[in-house]
Structure formats: structure tokens, C-alpha cells
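Below you'll find the structure, written out as C-alpha cells, and then a few comments.
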Amino acid sequence: MTKILLAGESWSVTSHHTKGFDTFVTSAYEEGAGPFIDAINAAGIDVDFLPNHVAAQTFPSNLDVLKEYDVCVLSDIGANTLQLPSAVFEHSQQQTDRLEVIRQYVDGGGALLMVGGYLSFQGIQAMANYRNTVLAEVLPVEMEIGDDREEKPAGTTPVVADPTHPIVRNLSETEWPAILGYHRLTPKDNTQTPITVDGRPLLTLGAYGAGRTAAFATDMAPHWLPPAFMQWEGYNALFGQLVAWLAAPSTSSDDRSNPSGV
């Protein structure tokens, strides 16, 4: 069975409530990976999920452990979370750079998918900061220097640019639900963009070494994906087919320049 590792997609919220003289604080923990995990499971694919606070300490630092997975998915998890575990940040101990482990994993035939969010690619105030890491070499897109968010509060609709690609097989070419934002990304040479939005890439596919890569420029869940998108019948097919394409072995050396092949 195909198996993927998903890291990120969690957050905690702290609220201050002031009622006249008195103030008290409440906190809540939330996760946004549920719809994506359900879609992947429906495609017969197994998922190990590491929320942000768990990934900070337990994301694989050993290449052999990461090789147990067919696809590594990073979604709304900043570079700092993976590069600065407590041993490094709090105790100044040298540790393996886990982003370099991901690079080696893809170079050797693994697959990497980065999904958008406020802490993906560059993200809000450029705090995700992947442009300044080794994953900038691996991903199939060039990232901007600063904050790369394109907020679309009125909504904007994705367009299927290549209806022949297996990832969009059986999906409508025109009747997609709107999204509320995305990252401004530039495809690298020898990549494909089967889905666009506002003339920009929404899904970019490429290759690195012996492995495959993908950049999905919007969320897998709110807030950039409204409920209508997650309830759309194409949601499960889109992510199931995307992960299946990533997990499929490259068939030839031509796969680097022809990422549509399976």
C-alpha cells in the first residue's frame, strides 16, 4: 500500500477575554488535515500525520526512516519548525538538518509535495522562509523574496490548463469552486502546470534527481479553501490522483523534462 507522511496543518489559538475589570485567557488546539486525510484514505493510501508540534521533535532525521514513505507532504509548516528542534534552539546542540534529509530523499527517488498556507513556501511576512533553504532547489517553483500571499477575498476560480494530465483525469475543466487565496509562484524550466489560477500556477509538477515534486499553491483546507471546495466531488479525486502520480515510480530518464508521464 502507498504510504505518505504529512507534516504540519495544526495550530493553537490563545484568546484574551476582557469583561470590564476582569480579563481571562482561553486556548484551543485545532487541526486542518482532516479533509485531505479522508481524501487520501478514500484512494486507498495510508497517511501518517505529524501535527506541527509533533513534527518539531519527531519528523525523521534519518534518511532510511523517511524512505519508508512514498510521498512526503509539507503543509502549513515553516522551515523553522523542521530546522530548529529544541536540541538546536534551546540547547545549542548540532543536529541533522531535516530539510537536507528531505532533499536526499527526493534525489534518491522519493516524492515531495508542498501545499500552500500561511506557513508554506514564503508565507505571511516570509516567515515560512523556504526560499532560503535547500528545499528551494528541490521544489518545482521559484519563490518570491518576501511575503508571497495573494489574498482573494472575493474568490477566484482555478482553471484546468492541461486536461490530458492524469492528475486532472475525470475532473471538470471549468466548474471548479472558488478559492480565497494562493501563493505567487513561478514554475521552473521543465515543469508542468496542469492547473492555473489568475494566469498563475496553482499546481506545478517537476522532478528532482530520481524523484518527483509538486507545489500546490493554495490550502488543503480553510481558510483559502472554502467549505464548497472541500465538499466538491472533485476534491477527493484531485488529491488522490495527485498523490498517486507522485508515488508512481519514474519510468525513464525523460521524466525530468516530461513530468506528465507516469
Side-chain angles (χ1 to χ4, degrees), residues 8-9 32 35-36 39 73-78 112-131 135-136 138-207 212-243 245-246 259-260:
E9 280 301 324
F36 177 84
V73 182
L74 302 180
S75 182
D76 222 349
I77 179 171
L112 173 65
L113 166 62
M114 184 172 286
V115 179
Y118 268 31
L119 281 172
S120 296
F121 300 104
Q122 284 290 85
I124 188 167
Q125 300 175 5
M127 286 192 295
N129 197 35
Y130 281 103
R131 188 179 191 275
L135 290 194
V138 179
L139 289 167
V141 291
E142 301 285 353
M143 291 171 274
E144 294 186 354
I145 293 175
D147 190 318
D148 62 357
R149 293 170 301 137
E150 187 76 15
E151 299 288 355
K152 291 287 183 175
T156 186
T157 305
V159 174
V160 174
D162 179 8
T164 67
H165 199 284
I167 289 174
V168 293
R169 183 177 61 247
N170 301 324
L171 293 179
S172 169
E173 295 181 34
T174 56
E175 297 177 0
W176 284 51
I179 62 174
L180 300 179
Y182 54 87
H183 297 271
R184 297 183 299 271
L185 304 170
T186 301
K188 292 179 179 176
D189 293 339
N190 298 322
T191 60
Q192 284 198 342
T193 54
I195 310 171
T196 63
V197 62
D198 297 339
R200 301 179 185 270
L202 185 66
L203 176 63
T204 305
L205 309 171
R212 290 181 167 185
T213 60
F216 189 66
T218 192
D219 268 321
M220 62 169 60
H223 81 279
W224 277 345
L225 284 198
F229 197 107
M230 293 181 295
Q231 294 163 7
W232 172 49
E233 62 182 8
Y235 180 95
N236 282 19
L238 171 63
F239 284 113
Q241 291 169 181
L242 171 56
V243 170
W245 179 87
L246 284 164
S260 63

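Bear in mind the structure is a predicted one, so any value in this text is a computation, not a measurement.
- Between Asp219 and Tyr118, the side chains place no donor N or O within less than 3.5 Å of an acceptor N or O (distance only, hydrogens not considered).
- Partners of Arg200 by salt bridge (Lys or Arg N to Asp or Glu O under 4.0 Å), not counting sequence neighbours: none found.
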Side-chain atoms of residues 229-239: list all donor-acceptor pairs with protein atoms under 3.5 Å, sequence neighbours left out, distances to 0.1 Å.
residue : atom : partner : partner atom : Å
Tyr235  : OH   : Phe36   : N            : 3.2
Tyr235  : OH   : Met220  : O            : 2.7

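- Gly146 approaches Ala126 most closely through the heavy-atom pair C-CB, 3.8 Å.
- Each of Asp147, Asp148, Val141 was scored for a side-chain contact (heavy atoms from CB on, under 4.5 Å) with His183, with one residue passing: Asp148.
- In this structure, Leu225 and Thr218 have side chains that are in contact, with non-hydrogen atoms separated by less than 4.5 Å.
- Looking at Pro194 and Leu203, their side chains come closer than 4.5 Å, going by heavy atoms from C-beta outward.
- Of all heavy-atom pairs spanning Gly155 and Ala178, the tightest one is CA-CB, 4.2 Å.
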What verdict does the side chain to side chain contact (heavy atoms under 4.5 Å, CB included) test give for Met114 and Phe216, after you've listed the backbone C-alpha separation in whole Å, the side-chain angles of each residue and the deciding distance to 0.1 Å? CA-CA 6 Å; Met114 184 172 286; Phe216 189 66; over 6 Å; no
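- In terms of heavy-atom proximity, Ala215 sits nearest to Pro140 at N-CG, 3.9 Å.
- The nearest pair of heavy atoms linking Asp198 to Lys152 is OD2-CE, 3.0 Å.
- Side-chain atoms of Pro153 and Leu180, non-hydrogen and from C-beta on, never get closer than 4.5 Å to each other.
- Residues Ala214 and Leu242 come closest through the heavy atom pair CB-CD1, 4.1 Å.
- In this structure, the side chains of Ile167 and Trp245 come closer than 4.5 Å at one or more pairs of heavy atoms.
- Among all heavy-atom pairs drawn from Pro201 and Ala217, the shortest one is O-CB, 3.7 Å.
- We find the NE2-CD1 distance between His223 and Ile179 to be 10.5 Å, quoted to the nearest 0.5 Å.
- Counting heavy atoms from C-beta on, the side chains of Leu119 and Ile77 never come closer than 4.5 Å.
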Take Val160 and Trp176 through the side chain to side chain contact (heavy atoms under 4.5 Å, CB included) test and state the conclusion after the steps. CA-CA 9 Å; Val160 174; Trp176 284 51; 3.5 Å; yes
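- Distance alone, capped at 3.5 Å, is enough to place a donor-acceptor pair between the Gln122 side chain and the Glu144 backbone.
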List the steps, then state whether side chain to side chain contact (heavy atoms under 4.5 Å, CB included) holds for Thr213 with Leu205. CA-CA 6 Å; Thr213 60; Leu205 309 171; over 6 Å; no
Are Val159 and Val197 close enough, and set up right, to give a side chain to side chain contact (heavy atoms under 4.5 Å, CB included), and what steps lead you there? CA-CA 6 Å; Val159 174; Val197 62; over 6 Å; no
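- Between the Gln241 side chain and the Arg169 main chain, a donor and an acceptor come within less than 3.5 Å of each other.
- Partners of Arg131 under the side-chain hydrogen bond (donor to acceptor under 3.5 Å, both in side chains) rule, at least two apart in sequence or in another chain, do not exist in this structure.
- Separating the OH atom in Tyr130 from the CG atom in Leu139 is a distance of 9.0 Å, to the nearest 0.5 Å.
- Side chains of Val168 and Asp162 form no contact here, defined as non-hydrogen atoms less than 4.5 Å apart.
- Residues Leu202 and Thr196 fail the side-chain proximity criterion, which asks for heavy atoms closer than 4.5 Å.
- For the pair Tyr182 and Glu151, the minimum side-chain heavy-atom distance is 4.5 Å or more.
- Side-chain contact check for Asp76 and Ser120: no donor-acceptor pair (N or O, by modelled atom type) lies under 3.5 Å.
- With hydrogens and angles disregarded, a donor-acceptor distance shorter than 3.5 Å links the side chain of Arg184 to the backbone of Arg149.
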